[in-house]
Amino acid sequence: MADLKKTPVLSSILEYLNLLLLVSFLMQIRTASGEILDNMVFNAGQSASSTPAGEVARDVRYLLYDVNPPEGFNLRRDVYIRMASLVKTLRKHQDWVLVLPPWGRLYHWQSPDIDQVRIPWGEFFSITSLQANVPVMEYEEFIAESGGPFIEQVLVLQNYAEGWTEGKWEEKVDLRSCIEKPSYSKDKQGYYRGWFWGYEETRGVNVSCLSAQGQASIIAPYLLENTTAVQNGEQWDRITRRSMVFSKHLRIIGDEFRAKYLNSTDEKDQTLYNEDWTRMKAKPGSAKGGAYLAVHLRRKDFIWGHRDDVPSLKGAVKKIRSLMKKQKLDRVFVATDADEEELEQLKRMLPNMVRYEPTWEDLELLKDGGVAIIDQWICAHARYFIGTSVSTFSFRIHEEREILGFDPKTTYNRFCGDDEQECEQPTHWKIVY
Ligand SMILES: Nc1nc2c(ncn2[C@@H]2O[C@H](COP(=O)(O)OP(=O)(O)OP(=O)(O)O)[C@@H](O)[C@H]2O)c(=O)[nH]1
Ligand SMILES: *[C@@H]1O[C@H](CO)[C@@H](O)[C@H](O)[C@H]1NC(C)=O
Ligand SMILES: *[C@@H]1O[C@H](CO)[C@@H](O)[C@H](O)[C@H]1NC(C)=O
Ligand SMILES: *[C@@H]1O[C@H](CO)[C@@H](O)[C@H](O)[C@H]1NC(C)=O
């Protein structure tokens with residue numbers, strides 16, 4: 001629900017993380033004569049060719065994580081970016097793999113009657129693209145590879161019981177006694193059972209509490225035992241963001257919709273996409289985009305608090321009309337989470353608006369998460385985009401447009417509240433190559 005880009009220096013990604021779960025797993029591979037290869041010796045530079053073909057001793061460590069339950073899909077994408085960067089740091093020292101936490105039980109996924117737990121990342125993102133950045137694997141693959149549903153060490157993240165030392169900002173991490181009783185309980189065999197992304201067979205071997213304050217990289221020394229401070233470059237985060245390519249089936253549905261209802265194709269609109277993100281390097285301003293205005297109108301919980309940076313529907317429609325005139329666009333695509341009542345109002349005021357409306361069968365297949373990505377994809381290809389203030393859903397569209405090579409002027413725009421005095425526009429997210 002919060003926005004990472006706007007979080008003050010003192011707070012950090014750790015606030016969004018609930019758990020870190022670790023498994024280290026020593027694959028001991030026997031040689032033909034039956035000896036167990038000594039990993040240390042092997043790692044210390046014994047030639048790999050002395051091992052029979054295909055038998056490689058690997059001392060793999062898996063990192064799993066979970067995010068605080070109320071956080072939405074798009075904020076979780078930010079958490080992934082930090083965790084992937086953490087794994088890159090860890091990999092300088094040891095062989096770590098990031099296990100992708102299955103999607104499910106998200107507060108915003110409210111479509112009734114569809115089962116939305118244990119959803120693998122492959123439904124939303126291209127796994128090969130993520131892999132090209134850092135080794136990742138789906139949870140089910142991890143279970144198969146590690147030989148069972150066991151998690152060696154569950155670390156429940158918490159603050160320090162004594163709170164902040166006044167006026168002093170310090171990054172630190174320590175094993176401490178748990179402030180709140182962890183929501184895991186021991187079963188008859190002495191394993192910890194509880195919510196592991198809806199996989200009931202998963203068991204924790206040990207649960208401890210870790211007090212931490214600082215950036216995610218502060219945890220690295222703890223995980224590595226012996227190393228001290230590590231730097232987690234912002235550059236890494238941006239590279240990781242580029243690797244978060246949407247699943248191909250969702251992009252295809254979005255592209256077909258653009259062609260059919262918005263007269264928009266990549267060739268015509270200069271938004272050519274490379275399946276290999278490492279080769280995607282569009283010049284800012286090179287993308288033209290389809291001849292439509294795209295709008296992200298975040299409603300629901302954004303209006304319940306009557307925030308003064310969110311417009312009334314009437315105010316939004318007025319802005320949409322004026323933008324269409326100014327940008328000489330006669331079509332508007334609207335992505336919104338508005339409820340039925342607001343949607344009816346909106347349709348009355350903007351009868352020609354175009355929306356992506358999945359059938360029930362589509363929704364069952366794509367889930368709320370897939371439909372939201374299709375909305376984002378279509379918004380990302382418009383000639384001009386305007387989003388909602390501090391919505392991470394809008395932020396992800398900004399980034400996608402930056403990757404596609406749009407002029408920042410057509411991207412970093414947001415609606416203002418009806419009576420908002422200083423309507424500060426979104427900040428420019430720049431890519432580094
Ligand atoms: N299909 C669709 N879903 C939307 C739209 N806006 C919001 N949603 C849904 O509502 C959720 C909330 O937005 P997110 O941005 O993901 O949630 P968040 O991380 O809490 O971020 P905020 O928007 O900052 O609240 C999304 O994940 C979608 O499931 C939209 O325009 N189209
Ligand atoms: C559980 O993990 C903590 C932290 O690493 C450790 O101190 C403790 O000894 C472990 N307990 C058991 C039973 O292994
Ligand atoms: C950490 O250092 C100690 C002592 O130098 C060493 O025995 C231990 O193996 C090291 N641990 C790791 C994970 O490198
Ligand atoms: C589609 O766009 C092309 C130019 O990009 C234009 O010539 C054509 O008239 C458009 N078709 C419709 C139906 O708007």
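For ligands, and for the atoms within them, numbers begin at 1 and follow the listed sequence.
- Under a 4.0 angstrom heavy-atom cut-off, V390 registers as being in contact with ligand 1.
- If you check which protein heavy atom lies closest to atom 5 (O) of ligand 2, you get Q153 OE1, 3.4 Å.
- Under a 4.0 Å heavy-atom criterion, E71 is not in contact with ligand 1.
- Within the structure, the closest approach of R331 to ligand 4 falls below 4.0 Å when heavy atoms are considered.
- For ligand 1, the polar-atom distance check finds an N/O of S391 within less than 3.5 Å of one of the ligand's N/O atoms.
- Counting heavy atoms under 4.0 Å from ligand 1, residue H296 touches it through the side chain alone.
- Neither the backbone nor the side chain of R396 comes within 4.0 Å of ligand 1, counting heavy atoms alone.
- Salt bridge K300/D339: absent, no basic N to carboxylate O contact under 4.0 Å.
- If you take CZ on F395 and CZ on R414, they are separated by 9.5 Å, rounding to the nearest 0.5 Å.
- Note: F257 CZ to D375 CG = 8.5 Å, rounded to the nearest 0.5 Å.
- Within a 4.0 Å radius of atom 9 (O) of ligand 4, the protein contributes no non-hydrogen atoms.
- Side-chain contact check for H428 and E402: at least one donor-acceptor pair (N or O, by modelled atom type) lies under 3.5 Å.
- Ring planes of F142 and Y62: perpendicular class, angle over 60° (limits at 30 and 60°).
- Protein heavy atom closest to atom 3 (C) of ligand 4, with residue, atom name and distance, is N263 ND2, 3.7 Å.
- For the pair R251 and F246, the cation does not sit on the ring face, since its NZ or CZ is not both under 6.0 Å from the ring centre and inside 45° of the axis.
- A donor-acceptor pair is defined here as one N or O able to donate and one able to accept, closer than 3.5 Å; no such pair exists between the side chain of R193 and the backbone of S185.
- Shown in contact with S208 at under 4.0 Å from a heavy atom are these atoms of ligand 2, numbered in order with element: 1 (C), 2 (O), 3 (C), 4 (C).
- Each of the atoms 19 (O) of ligand 1 lies under 4.0 Å from some heavy atom of L75.
- The aromatic rings of W109 and W103 sit tilted, their planes meeting at an angle between 30° and 60°.
- Partner L210 forms a side-chain contact (heavy atoms from CB on, under 4.5 Å) with one of V173, V154, V156 and no other, that one being V173.
- Heavy-atom separations between F302 and ligand 1 include at least one value shorter than 4.0 Å.
- For L175, every heavy-atom contact with ligand 2 shorter than 4.0 Å involves the side chain, none the backbone.
- Judged purely by distance below 3.5 Å, without hydrogens or angles, the side chains of T240 and D237 never pair a donor atom with an acceptor atom.
- Taking every heavy atom of W109 and a limit of under 4.0 angstrom, the matching atoms of ligand 1 come to 29 (O).
- Contact between T336 and ligand 1 is present, with at least one heavy atom of the residue lying under 4.0 Å from the ligand.
- Nearest protein neighbour of atom 12 (C) of ligand 2, counting heavy atoms only, is N206 ND2, 3.4 Å.
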